[in-house]
Amino acid sequence: MRRFLAGTTVIALLTAACAAGPGRPARTPGAPACDPRMDAAFRAWAAAGFSGSIAILKDGAFECRAAYGMADAAARRPNTPETVFSIGSVTKAVTAAAILRLADEGKLSLDDRVGKILPRLRGPVAEATVRQLLLHTSGLNGTHGDDYERLSPDEALAAIGRLKLAFPPGTGYVYSNSGYTLLALVVEHLSDRGYRGYLGSAVLRLPGGRVAGGFWDGRPAAPGPRAVGYLDGGRPGHQGGFSGPYWGLEGNGGLAMSTPDLASWTYALFTGQVVTPASAALAARPGWPLGDGRSETPGWVAYDPSLYGERFLSAAGGGGDVGHNTVVAWVPAQRRAVAIASNTASNTASNIAGITAEALLKAVGPALLAGRPLPTPPAAARGGDLGAIVGTYRLDGGGRFQVAAEGGKLTVSATGADAVRALTSPGEGGTESGSTESGSTGTALRAHEQRVLALLNGQTQEGRRERASLEKAFGAVSGLSLAGTITQGADTRTYVVLTTGKGPVLGWYAVNDQGGVQAAEVPAKPPALTLVPSGAGRFRPDDPTGAGPHVEIAFEGRRMTLTGAQGTAVAERSG
C-alpha cells in the first residue's frame with residue numbers, strides 16, 4: 001500500500017464541527033448540527049469535488065458524523081456516516097496495537113528478536129527486534145509481494161527473509177510494508193486465533209462489544225455499505241472479492257471501516273481500552289525522529305507542539321487499487337479523535353473532481369486553526385469555445401501535448417520528458433518530491449530518476465525481480481528511456497518508456513531513497529492535467545486546494561504557452 005501522511009493540517013480540523021455534501025448533508029439521527037457557516041463552506045468544497053465522510057469524537061461522545069458526495073457515482077448512491085472505506089496503511093496502527101496487546105499478555109517482548117519468535121525466518125531481518133519493525137528501523141527495503149498476489153504465510157515469510165537490509169537494524173529509517181507483514185506473521189504465530197481472528201475478536205473490539213470494521217477482502221468483512229473508489233482517470237477501483245490468501249497485504253493494509261468506527265477505535269486505543277494504559281502511552285511516545293518536529297511511533301507519526309501549537313498523532317493511508325484516502329488523528333490534550341475518508345483520486349482527468357481528505361485539510365486547515373472563516377474554492381471563469389483549441393501541440397524539443405475538452409474543462413496529456421516537465425511544474429517553495437527524506441529540490445527529482453534507472457537496469461535485488469516480471473509480461477526489454485518525473489500526492493513518479501518484445505510500453509515508478517519500490521503502474525497512461533478557465537483565454541489546474549502543479553496555460557492562435565515555476569514553454573499546434 002502507498003503511504004500518505006496526514007501532514008500539517010490534521011490538528012486544525014479538531015476544532016471543527018462537521019461538513020456537508022452537495023445539496024444537503026447526510027447526517028446520523030441525533031448527531032449535532034454543524035455551524036451554518038462551516039456547513040456552507042464544506043458544501044462548497046463538496047460541490048468542487050470532495051466526496052467522503054468525516055467523524056469527530058471528544059471524550060467518548062461524537063461532536064459530528066457527516067458525509068459528502070457519492071459512494072457510487074454511477075448508481076447515484078450517496079455517502080453516509082455508515083459508508084465503509086478502505087483505510088489502507090492506517091491498518092499498521094491496528095497491527096501495532098495487536099503487537100502491544102500481545103506484549104501486555106506476556107507473549108512477547110518488544111526487544112525480542114523476530115527470528116527468536118519465528119524460528120523458520122531466514123535472512124538478515126531475523127536479527128531485527130519487534131520494536132525496530134514497529135518503528136521502521138529494521139532496515140527492510142523493497143517488497144515481498146504485490147498487494148493482490150496469492151501468498152500463504154509460509155510464502156510471505158520466505159519472501160521477507162530473502163529481502164536485503166538497507167542498513168543494520170536500529171541504525172536508520174526506511175518505511176517498510178514488509179516489516180508490518182512480518183509483525184502480522186508474529187501475531188499469526190503467537191495468537192491461537194491467527195492474525196485476522198485476533199484482530200476481530202480482541203483488537204478491533206470496542207467497549208460494549210461491538211467490532212470496529214473488518215477487512216476489505218475476505219473475512220471478517222467490514223459490515224456496511226461500501227464506497228466505490230475512483231482512481232486516476234475516474235475508473236472504479238478494486239471493490240473487494242479477492243479470494244486470498246492475503247499475505248502480500250496482511251498487516252500493512254487491508255482493513256476497512258466507517259469514519260465513526262475509526263474515530264471510536266482511535267479513542268479507545270489511546271485511552272487504554274484496547275491495550276493497557278502503559279502500552280497506549282508507548283504508542284503515543286516519539287520513537288524515531290523523522291525531522292521537522294515529527295517522530296515515528298508504533299503505527300503512528302507524532303507531531304510536537306513546535307509545529308502547530310499542539311501535540312498530536314496521525315496515521316493515513318490510501319492509493320493502491322482501491323481509490324480511497326483515509327486519515328485519522330488523536331490530540332491527547334483534547335481527548336479528541338478525528339477521522340476523514342474520501343473516495344476520489346487527487347488527479348482524475350475526468351469530470352469526477354477528486355479532492356482527497358488530505359487535500360481538503362490542507363486547504364481549510366490554517367483557517368480552522370486560526371478561527372477564521374473557512375476558504376471556499378475559487379470559481380471558474382467562462383471558457384468560450386473550447387472545441388476551437390482541441391488538438392495536438394508540439395514543443396521544439398520533441399514533446400507533445402494532446403488537448404481534449406469535455407464539460408467545460410480541458411484535459412491536457414503530455415508525452416515526452418520536456419512536455420511532462422512543462423505540464424507538471426511544481427510551485428515555488430512547494431514540494432517537488434513526496435519523500436520525507438529526499439527534500440524538495442530539482443536535484444532530488446533527478447536523483448529519483450537515477451534510482452529508477454538503476455532499478456530497471458537490474459542493479460538491485462528488487463530491480464532484478466522487477467525486470468524479470470516485466471519481461472514475463474511484455475517480452476525481452478531491450479531498452480528504456482526517461483519520460484519525465486512528476487509529483488502526485490505523496491509520490492514522486494518517474495515515467496519511463498520500455499522497448500519490449502511487444503513494442504514500446506509506458507510506465508511509472510515511485511521509489512524511496514534506498515531504491516525500494518513504493519508504487520508503480522505498467523502500462524500507464526501519459527500524465528495528464530484537467531484545467532478550468534481562468535479568464536482571457538487562460539486556464540489553471542482544476543485543483544481548488546492548490547496542492548497540485550502551479551502552471552497556467554494560455555492559447556492564442558495556434559500557440560499554446562505553459563508558464564510555471566520553471567519558466568515558460570511554447571508549443572505549436574500540428575495538423
> Shortest non-hydrogen contact from V203 to V274?
Replying inline: O-CG1, 3.5 Å
>> For a quick test of reading the model, state the closest non-hydrogen atom pair linking T297 to A302 and the distance between them.
In response: CG2-CB, 3.7 Å
> Looking at side-chain heavy atoms only, is the closest gap between S53 and S258 below 4.5 Å?
Replying inline: no
> Do Y68 side-chain atoms and A47 backbone N/O form a donor-acceptor pair below 3.5 Å?
Replying inline: no
>> Between V211 and P220, is there a side-chain heavy-atom distance shorter than 4.5 Å?
In response: no
> Atom OG1 of T259 and atom CZ of F62: how far apart are they, to the nearest 0.5 Å?
Replying inline: 7.5 Å
>> Looking at D304 and S306, would you say the former's side chain and the latter's main chain have a donor-acceptor pair under 3.5 Å?
In response: yes
> Between Y267 and K58, is a side-chain contact (heavy atoms from CB on, under 4.5 Å) present by the stated rule, with each step listed?
Replying inline: CA-CA 8 Å; Y267 180 86; K58 185 178 186 296; over 6 Å; no
> Excluding sequence neighbours, so at least two apart, what forms ring pair (Phe, Tyr, Trp, His ring centres under 6.0 Å) with Y393?
Replying inline: F555
> Can a salt bridge be assigned to the pair R336 and E63 using a cut-off of 4.0 Å between side-chain N and carboxylate O?
Replying inline: yes
> If you look at every heavy atom in A405 and L410, which pair is closest and at what distance?
Replying inline: CB-CD2, 3.9 Å
> Taking the side chain as C-beta and beyond, is there a heavy-atom pair between V328 and V338 under 4.5 Å?
Replying inline: no
>> Rounded to the nearest 0.5 Å, what separates atom OG1 in T485 from atom CG in L445?
In response: 6.5 Å
>> In the structure I gave you, are the side-chain heavy atoms of V452 and Y509 within less than 4.5 Å of one another anywhere?
In response: yes
> Under the side-chain hydrogen bond (donor to acceptor under 3.5 Å, both in side chains) test, which residues partner Q239, sequence neighbours left out?
Replying inline: none
> Roughly how far, to the nearest 0.5 Å, is the CG atom of N512 from the OH atom of Y173?
Replying inline: 10.0 Å
> So how far is it from F215 CZ to Y246 OH, rounded to the nearest 0.5 Å?
Replying inline: 9.5 Å
>> Does this structure show an ion pair linking R538 with E552, if we count only N-O contacts that are shorter than 4.0 Å?
In response: yes
> Should R311 and P286 count as side-chain neighbours, where that means a heavy-atom distance under 4.5 Å?
Replying inline: yes
>> With no hydrogens and no angle check, just 3.5 Å: does a side-chain donor-acceptor pair link K92 and T95?
In response: no
> Under 6.0 Å between the ring centres of F270 and W330?
Replying inline: yes
>> Would T424 and L529 count as a side-chain contact (heavy atoms from CB on, under 4.5 Å) here? Give the steps.
In response: CA-CA 8 Å; T424 60; L529 199 58; over 6 Å; no
>> With a 4.5 Å cut-off on side-chain heavy atoms, are P541 and V551 touching?
In response: yes
> Just by distance, do the side chain of Y230 and the backbone of A73 share a donor-acceptor pair under 3.5 Å?
Replying inline: yes
>> Between F401 and M560, does the side-chain contact (heavy atoms from CB on, under 4.5 Å) criterion hold? Intermediate values first, please.
In response: CA-CA 9 Å; F401 304 97; M560 171 182 173; 3.9 Å; yes
> What residue pairs, at least two apart or across chains, pass salt bridge (charged side-chain N to carboxylate O under 4.0 Å, His left out) with a residue in residues 250-267?
Replying inline: R196-E250, R210-D261
> For S176, which residues count as a side chain to side chain contact (heavy atoms under 4.5 Å, CB included) partner, sequence neighbours excluded?
Replying inline: H136, L140, S178
> Charged N to carboxylate O below 4.0 Å: is that the case for D542 and K409?
Replying inline: yes
> Does N343 reach the main-chain N or O of V228 with its side chain, forming a donor-acceptor pair under 3.5 Å?
Replying inline: yes
> Are Q273 and P207 side-chain neighbours, meaning at least one heavy-atom pair lies under 4.5 Å?
Replying inline: yes
> If you take all heavy atoms of L231 and P236, which pair is closest and at what distance?
Replying inline: CD1-O, 4.2 Å
>> With a 3.5 Å distance limit and no angle check, can you tell me whether S413 reaches the backbone of A528 through a side-chain donor-acceptor pair?
In response: no
> Roughly how far, to the nearest 0.5 Å, is the CD1 atom of I87 from the CG atom of N325?
Replying inline: 12.5 Å
> Taking C-beta and beyond as the side chain, do V94 and L199 meet within less than 4.5 Å on heavy atoms?
Replying inline: yes
>> Please check this pair: side chain of D292 against backbone of R294, looking for a donor-acceptor N/O pair closer than 3.5 Å.
In response: no
>> Using the rule given for side-chain contact (heavy atoms from CB on, under 4.5 Å), can you reason through R540 versus H550, listing the C-alpha separation, both sets of side-chain angles and the distance that settles it, and then say yes or no?
In response: CA-CA 8 Å; R540 59 170 172 78; H550 290 212; over 6 Å; no
> What heavy-atom pair brings A97 and L269 nearest, and what distance separates the two atoms?
Replying inline: CB-CD1, 3.9 Å
> Sub-3.5 Å donor-acceptor pair from the side chain of W300 to the main-chain atoms of A329, do we have one?
Replying inline: no
> Side chain of W45, backbone of P375: donor and acceptor closer than 3.5 Å?
Replying inline: yes
>> Among T356, N79, T344, exactly one meets side-chain hydrogen bond (donor to acceptor under 3.5 Å, both in side chains) together with S51. Which residue is that?
In response: N79
> Do the side-chain N and O atoms of T494 and H448 include a donor-acceptor pair separated by under 3.5 angstrom?
Replying inline: yes
> Which residues pass the side-chain hydrogen bond (donor to acceptor under 3.5 Å, both in side chains) test with D217, sequence neighbours left out?
Replying inline: H238
>> Once salt bridge (Lys or Arg N to Asp or Glu O under 4.0 Å) is applied, do any residues pair with R77, and if so which ones, sequence neighbours excluded?
In response: none
> Is it true that a side-chain atom of H324 and a backbone atom of S86 form a donor plus acceptor pair closer than 3.5 Å?
Replying inline: yes
> In Å, rounded to the nearest 0.5 Å, how long is the span from CZ of F539 to CD1 of I553?
Replying inline: 9.0 Å
>> Tell me the closest heavy-atom pair linking G507 and A524, and the distance in Å.
In response: CA-CB, 4.0 Å
